[in-house]
Asks: 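My questions all concern the structure below.
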Protein chains: 4
Amino acid sequence: MSPAAGSRRDLLIDTALEVIVEYGVAGTTHRRIAAAAGVPLGSTTYYFADLHDLLGAAFGRFADEISERFETRLARARTVAEAITEVTGFMLDDFQEPRDLALSYELYAYAIRRPAVKCFVEAWFARSQQALARFFDPVTARLVDTFIEGVFTYRGLARESSDADEIRQALSRLIGIDPSGSRE
Amino acid sequence: MSPAAGSRRDLLIDTALEVIVEYGVAGTTHRRIAAAAGVPLGSTTYYFADLHDLLGAAFGRFADEISERFETRLARARTVAEAITEVTGFMLDDFQEPRDLALSYELYAYAIRRPAVKCFVEAWFARSQQALARFFDPVTARLVDTFIEGVFTYRGLARESSDADEIRQALSRLIGIDPSGSRE
Amino acid sequence: MSPAAGSRRDLLIDTALEVIVEYGVAGTTHRRIAAAAGVPLGSTTYYFADLHDLLGAAFGRFADEISERFETRLARARTVAEAITEVTGFMLDDFQEPRDLALSYELYAYAIRRPAVKCFVEAWFARSQQALARFFDPVTARLVDTFIEGVFTYRGLARESSDADEIRQALSRLIGIDPSGSRE
Amino acid sequence: MSPAAGSRRDLLIDTALEVIVEYGVAGTTHRRIAAAAGVPLGSTTYYFADLHDLLGAAFGRFADEISERFETRLARARTVAEAITEVTGFMLDDFQEPRDLALSYELYAYAIRRPAVKCFVEAWFARSQQALARFFDPVTARLVDTFIEGVFTYRGLARESSDADEIRQALSRLIGIDPSGSRE
DNA sequence: TATGAATGAGTGTTCATTCAT
DNA sequence: GATGAATGAACACTCATTCAT
């Protein structure tokens with residue numbers, strides 16, 4: 001893959017994500033992506049076998065982005081309390097609204113019927129659990145990540161969702177420590 | 001509304017849900033719904049102004065169904081411990097796989113861009129919180145429902161999700177009681 | 001035909017004309033007429049065999065209206081000079097803009113392919129010539145009416161069309177008299 | 001534009017005109033045009049953004065054709081008398097029946113609601129006046145063209161319309177000369 | 001007499017995809 | 001390697017018309 005080709009491929013992937021945010025998967029077409037990226041229509045089928053290929057690549061990149069952001073957050077934490085703080089910060093600050101929320105829901109709906117794409121979600125969740133495993137036992141790590149997913153759903157779709165304090169408190173309880181507690 | 005008309009409208013709504021489960025919102029068309037329902041194509045636009053109208057009605061019904069199932073479950077509970085049991089049972093037994101999971105993700109993705117449909121989700125979550133409020137304070141009720149949402153996401157998309165015991169334990173912690181405890 | 005039926009039929013005819021003005025023949029449908037008239041859709045096919053029937057009746061009424069207006073105008077004239085004045089007034093004052101112009105063009109286009117409707121136009125032109133025949137010989141009467149038709153086309157479609165003086169002058173020349181002349 | 005592409009676009013425009021003649025604007029569809037032209041349905045929307053685009057292009061071409069025919073006619077005239085002869089010949093010989101008459105009426109009706117198309121008519125009339133201005137003052141030129149328009153309406157829609165002698169006579173009077181007169 | 005229900009044919013349009021260059 | 005041209009299948013939707021009541 002030449003650098004030029006690589007960058008156009010990249011551009012198409014990023015643009016696909018933008019288009020999904022704006023129109024949803026159902027409204028994402030070769031034409032819209034090509035137009036938004038400012039490239040010829042033909043190049044969308046040149047770099048990707050078909051639309052699902054491109055969509056899959058886009059969602060794969062999105063899942064990676066999120067995972068990296070989450071890992072970066074947690075890498076800063078040294079204690080369980082810090083981990084809680086970072087996780088809360090990730091949920092409330094890192095997750096961009098409405099882009100990331102929209103992409104998540106679209107990805108989930110899309111993944112149900114696409115095993116290859118579902119793998120990206122599985123890998124994303126697995127990486128999250130692994131990052132959490134530095135501080136928690138596997139079962140708790142999964143519980144924490146499960147709760148994180150719930151918060152995202154609530155943030156995007158409920159009338160009101162929990163604030164930082166409530167989330168921190170919930171996390172503390174979930175991992176079985178006193179919210180004001182010190183360490184593991 | 002004659003019984004016949006009512007039932008055909010109803011049939012269309014139920015069939016739309018089936019089609020969404022099988023093909024996703026993106027693959028749901030007037031033609032597929034009409035064919036699956038065994039009715040003339042024209043009747044899909046006779047009973048519903050347009051496809052979004054039909055989709056909206058379908059998702060509205062789905063959200064209602066879920067809310068009713070949840071309320072029915074919780075109505076059986078008398079104590080907090082029983083509430084936990086019922087909530088766990090709801091998550092693991094009532095929520096049909098893959099139908100309900102698929103419909104939830106499709107609904108969430110669809111709702112982002114459709115305020116009218118988003119209202120159904122908001123109402124669903126509000127009813128869940130209200131049902132939980134018989135046992136928990138409002139903040140905790142919302143936290144519990146948030147966790148429930150996370151469990152659904154995990155159930156449908158993660159490699160492994162929590163089992164009954166883990167969920168029960170998480171719920172107990174979330175509401176701040178000893179998992180084996182009684183109270184109320 | 002009962003009075004009630006007659007009036008609803010009449011209402012439909014008049015409303016059809018309004019709808020044609022607003023949407024053109026191509027955009028005129030049973031539904032739009034029924035909605036604009038505030039009557040049930042079914043009544044449009046109850047009173048008229050089909051849409052062309054209704055359209056034909058509407059154009060027939062329009063042609064009659066115009067003929068009557070033209071005859072009323074000319075009835076006031078006693079001399080050729082007055083006839084010229086009335087004809088000019090008819091063209092510039094009686095012919096409502098854009099309603100009558102739009103209806104004329106729509107009628108002409110519609111009439112080409114509909115012999116029954118073409119008859120209405122023929123009758124209209126014949127009545128005009130007859131009304132003019134009180135003042136002019138048949139050939140001149142037809143020439144005058146021909147010119148009138150041209151003025152209508154120009155009024156609706158040209159950047160600029162002739163004013164009252166120019167029209168009066170043209171008419172005078174056409175009938176072979178001095179514009180300031182007295183009689184026949 | 002490759003010759004092939006250009007010719008298919010051209011073919012579509014010419015075919016659209018044929019279809020309008022046969023079915024009227026109201027009966028002109030992508031499918032009929034494609035079938036009449038012997039091209040795939042998809043190509044009608046490939047070359048033209050939508051049906052109005054194609055219809056507009058077709059009417060634009062028609063208006064141009066007429067203007068060119070008129071100018072060609074008048075270019076042959078050297079004297080006013082010859083101009084009258086040419087104009088008369090244009091009306092009675094050049095204007096094909098029923099094609100041109102039908103297209104004119106359809107165009108006029110279509111133009112009322114389409115400013116872009118109305119411009120074509122305005123341009124056509126302006127070119128006619130300009131061509132006539134070689135022989136007549138502007139006001140008279142407009143009057144002559146106005147009369148021409150009336151003749152067309154009459155030719156297509158009246159029971160009887162003026163013959164060559166009558167037209168020639170009317171024209172002579174309209175321009176204020178003796179029908180048998182000479183003058184440059 | 002009058003109308004709401006219903007439908008099949010057809011409309012304009014979109015678009016994934018193919019392919020020659 | 002890259003792309004403009006091209007198209008067939010499908011889509012959402014409209015509507016004239018029929019008919020049972």
Side-chain angles (χ1 to χ4, degrees), chain A residues 1-2 4-6 8-9 12 23 26-35 39-55, chain B residues 1-6 8-9 12 26-35 39-55, chain C residues 1-2 4-5 8-9 26-35 39-55, chain D residues 1-2 4-6 8-9 12 26-35 39-55:
Chain A
M1 194 188 312
S2 78
R8 172 160 286 191
R9 224 188 97 97
L12 283 171
Y23 299 98
T28 297
T29 66
H30 283 124
R31 280 162 173 75
R32 282 218 243 249
I33 296 169
V39 303
L41 173 60
S43 69
T44 57
T45 46
Y46 177 71
Y47 290 105
F48 300 90
D50 58 26
L51 190 58
H52 293 305
D53 225 50
L54 175 44
L55 252 23
Chain B
M1 194 190 311
S2 79
R8 172 162 287 190
R9 223 189 99 97
L12 249 8
T28 297
T29 67
H30 282 124
R31 282 162 175 76
R32 283 218 245 247
I33 296 170
V39 302
L41 173 59
S43 69
T44 58
T45 48
Y46 176 72
Y47 289 103
F48 300 90
D50 57 29
L51 189 58
H52 293 307
D53 226 49
L54 175 45
L55 253 20
Chain C
M1 194 188 309
S2 79
R8 172 161 287 189
R9 224 188 96 97
T28 296
T29 66
H30 283 124
R31 282 162 172 75
R32 284 219 243 248
I33 296 169
V39 304
L41 173 58
S43 69
T44 56
T45 47
Y46 177 71
Y47 290 103
F48 300 90
D50 59 26
L51 189 58
H52 293 306
D53 226 49
L54 176 43
L55 252 22
Chain D
M1 195 189 309
S2 79
R8 173 160 288 192
R9 224 189 98 98
L12 249 6
T28 297
T29 67
H30 282 123
R31 280 163 179 78
R32 282 218 245 248
I33 296 169
V39 303
L41 173 60
S43 70
T44 57
T45 48
Y46 176 71
Y47 289 104
F48 300 90
D50 57 29
L51 188 58
H52 293 307
D53 226 50
L54 175 44
L55 253 21

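In what follows, chains carry the letters A, B, and so on, assigned in the order in which the sequence lines appear, proteins first and then strands, with residues in each chain numbered from 1. Just the heavy atoms: all of them, side chains too, but no hydrogens, waters or symmetry mates, feed the values below. Since the model is a prediction, treat every value here as computed from it, not as a measurement.
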Asks: Tell me the interatomic distance from A:Leu12, atom CG, to F:dA2, atom C1', rounded to whole angstroms.
Replies: 13 Å

Asks: At their closest point, which heavy atom of B:Leu54 faces which heavy atom of B:Leu12, and how far apart are they?
Replies: CD1-O, 4.0 Å

Asks: To the nearest Å, how far apart are D:Ile33 CD1 and E:dG10 P?
Replies: 17 Å

Asks: So which protein N/O to nucleotides 17-19 of chain F N/O distances come out below 3.5 Å?
Replies:
residue, atom, partner, partner atom, Å
F:dT17, OP2, C:Leu51, N, 3.1

Asks: Return the value, rounded to whole Å, for the distance between atom CG of C:Asp53 and atom C1' of F:dA16.
Replies: 13 Å

Asks: Name the pairing partner of E:dT14, where a pair is Watson-Crick or G-U wobble with both distances under 3.5 Å, or state none.
Replies: F:dA9

Asks: Over all heavy atoms of both residues, which pair between A:Thr44 and A:Leu41 is shortest? Give the atoms and the distance, please.
Replies: OG1-O, 2.6 Å

Asks: Tell me whether C:Arg8 forms a cation-pi arrangement with C:Tyr47, defined as NZ or CZ under 6.0 Å from the six-membered ring centre and within 45 degrees of its axis.
Replies: no

Asks: Do any side-chain nitrogens or oxygens of C:Tyr46 fall under 4.0 Å of OP1 or OP2 in E:dT1?
Replies: yes

Asks: Could you report the tightest heavy-atom contact between A:Leu51 and A:Thr28, atom names first, then the distance?
Replies: CD2-O, 3.6 Å

Asks: For B:Phe48 and E:dA5, what is the distance between atoms CZ and C1' respectively, to the nearest whole Å?
Replies: 15 Å

Asks: Would one find a side-chain N or O of A:Arg8 under 4.0 angstrom from OP1 or OP2 of F:dT3?
Replies: yes

Asks: To the nearest Å, give me how far apart CG (A:Leu54) and P (E:dA16) are.
Replies: 10 Å

Asks: Counting side-chain heavy atoms from C-beta on, which of E:dA2, E:dT3, E:dA6 comes nearest to C:Tyr47?
Replies: E:dA2

Asks: How close or far is atom P of F:dG1 from atom CZ of A:Arg9, stated in whole angstroms?
Replies: 14 Å

Asks: Report the base-pairing partner of F:dA20 (Watson-Crick or G-U wobble, both distances below 3.5 angstrom), or none.
Replies: E:dT3

Asks: Closest-nucleotide mapping onto DNA chain F: is D:Pro40 or B:Thr29 further toward the 5' terminus? I mean the 5' end.
Replies: D:Pro40

Asks: So which atom in D:Val39 and which in D:Ser43 form the shortest heavy-atom distance, rounded to 0.1 Å?
Replies: CG2-OG, 3.2 Å

Asks: If you compare all heavy atoms of A:His30 against all heavy atoms of A:Asp50, which two are closest, and at what distance to 0.1 Å?
Replies: NE2-C, 4.1 Å

